[in-house]
Amino acid sequence: MNIDILPIGMYGENSYVVHEKNDVLLIDPGAYPKEILKRIRPEEKVDAIVLTHGHEDHTGAVDDIVDVLHCPVYLHPDDFLLTAHDNGKDVRSFARPVYSDITPLEDTLDTGVFHLKIYHTPGHTPGSVCIQYKDALFSGDTLFAGSVGRTDLPGGSEQEMIASLRFLRTLPGYLKVFPGHGDATTINIEDSNNPFLAMI
């Protein structure tokens with residue numbers, strides 16, 4: 001497995017291009033689709049786009065990429081409202097329509113060579129998830145290095161975030177965490193050093 005990390009867009013959102021043999025998984029393509037597409041070699045096939053949640057800084061490049069690659073898109077159904085066609089653009093809730101077909105995420109996803117475990121971790125948004133592939137955990141805006149996601153936006157919940165963080169602390173400590181913003185970390189490091197986890 002090889003992972004390209006592209007911190008792009010106004011909010012420095014991490015878009016991930018995960019390579020495994022000649023298969024590729026795109027996680028949270030938030031902006032600059034041409035830059036993301038440059039990371040895909042001609043011999044590679046993109047199996048899917050998987051979204052950790054529905055905020056526009058994580059979904060902004062989806063439609064342009066699907067127009068080129070015609071790959072499926074997955075999102076937890078509790079965040080479908082954030083990407084609905086009739087929601088206009090709600091700046092406060094970071095909602096923006098996604099016009100590509102979206103398939104609901106379930107507890108696992110098998111696509112190409114990728115076997116993914118999907119953990120529903122609401123708090124930042126109702127449909128936030130963390131995505132595990134092998135020893136990598138893509139945590140979206142649930143868990144960051146030294147911090148956690150906001151809960152004060154529409155659909156956020158401090159109580160749900162606390163429950164989600166408690167769950168993440170039960171995962172294997174060796175898991176390398178690739179967050180939606182900022183540097184990579186591990187479950188062990190965050191369990192020991194993250195002040196927000198120390199409070200729960």
Side-chain angles (χ1 to χ4, degrees), residues 3-19 23-42 44-114 116 118-131 133 138-142 149-150 153-157 178-181:
I3 302 173
D4 290 331
I5 307 171
L6 290 78
I8 53 181
M10 178 185 295
Y11 302 101
E13 182 268 338
N14 289 328
S15 295
Y16 293 101
V17 183
V18 184
H19 306 263
D23 288 64
V24 171
L25 187 72
L26 301 180
I27 297 177
D28 288 354
Y32 304 128
K34 290 181 181 179
E35 294 303 313
I36 295 171
L37 291 169
K38 285 179 183 177
R39 300 302 182 105
I40 302 164
R41 300 189 303 272
E44 290 182 315
K45 176 182 181 292
V46 174
D47 296 316
I49 296 171
V50 186
L51 303 171
T52 61
H53 62 291
H55 282 162
E56 68 166 331
D57 57 325
H58 294 252
T59 67
V62 167
D63 287 331
D64 288 333
I65 291 173
V66 171
D67 284 346
V68 175
L69 300 176
H70 310 291
C71 55
V73 181
Y74 294 88
L75 173 69
H76 193 282
D78 287 356
D79 268 11
F80 277 11
L81 183 62
L82 289 170
T83 61
H85 301 177
D86 58 355
N87 70 9
K89 182 172 180 179
D90 185 344
V91 176
R92 182 169 171 265
S93 65
F94 292 92
R96 189 172 90 174
V98 173
Y99 294 97
S100 304
D101 291 336
I102 299 178
T103 301
L105 269 176
E106 300 181 354
D107 293 341
T108 60
L109 174 62
D110 289 290
T111 179
V113 300
F114 297 97
L116 309 177
I118 309 297
Y119 305 118
H120 184 206
T121 52
H124 181 63
T125 66
S128 287
V129 301
C130 294
I131 302 159
Y133 177 61
F138 300 91
S139 61
D141 286 3
T142 299
R150 293 174 60 176
L153 298 171
S157 167
F178 294 92
H181 305 265

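Note that the coordinates shown come from a computational prediction; the quantities given were computed from them, not determined experimentally.
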Under a 3.5 Å distance rule, please check whether [X] uses its side chain to pair with a backbone N or O of [Y] as donor and acceptor.
{"X": "T111", "Y": "D47", "answer": "yes"}
{"X": "S15", "Y": "G30", "answer": "yes"}
{"X": "D23", "Y": "K45", "answer": "no"}

Hey, are the side chains of [X] and [Y] touching, using non-hydrogen atoms and a 4.5 Å cut-off?
{"X": "D28", "Y": "L51", "answer": "yes"}
{"X": "Y16", "Y": "D4", "answer": "no"}
{"X": "H55", "Y": "E13", "answer": "no"}
{"X": "L26", "Y": "V17", "answer": "yes"}
{"X": "L109", "Y": "F114", "answer": "no"}

Review point. Can you check whether F94 and Y11 have ring centres sitting under 6.0 Å from each other?
Key: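 Centroid separation for F94 and Y11: below 6.0 Å.
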
Once rounded to the nearest 0.5 Å, what's the spacing between atom [atom1] of [X] and atom [atom2] of [Y]?
{"X": "L69", "Y": "D64", "atom1": "CG", "atom2": "CG", "answer": "11.0 Å"}
{"X": "L6", "Y": "I3", "atom1": "CG", "atom2": "CD1", "answer": "12.0 Å"}
{"X": "E106", "Y": "H76", "atom1": "CD", "atom2": "NE2", "answer": "9.5 Å"}

Review point. Quick one: do the T121 and T142 side chains pair a donor with an acceptor below 3.5 Å?
Key: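 Yes, side-chain donor-acceptor contact under 3.5 Å.
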
Exercise for review: Over 60° means perpendicular and under 30° means parallel, so classify the ring planes of H58 and H53, tilted if in between.
Suggested key: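 The rings of H53 and H58 sit tilted, inter-plane angle from 30° to 60°.
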
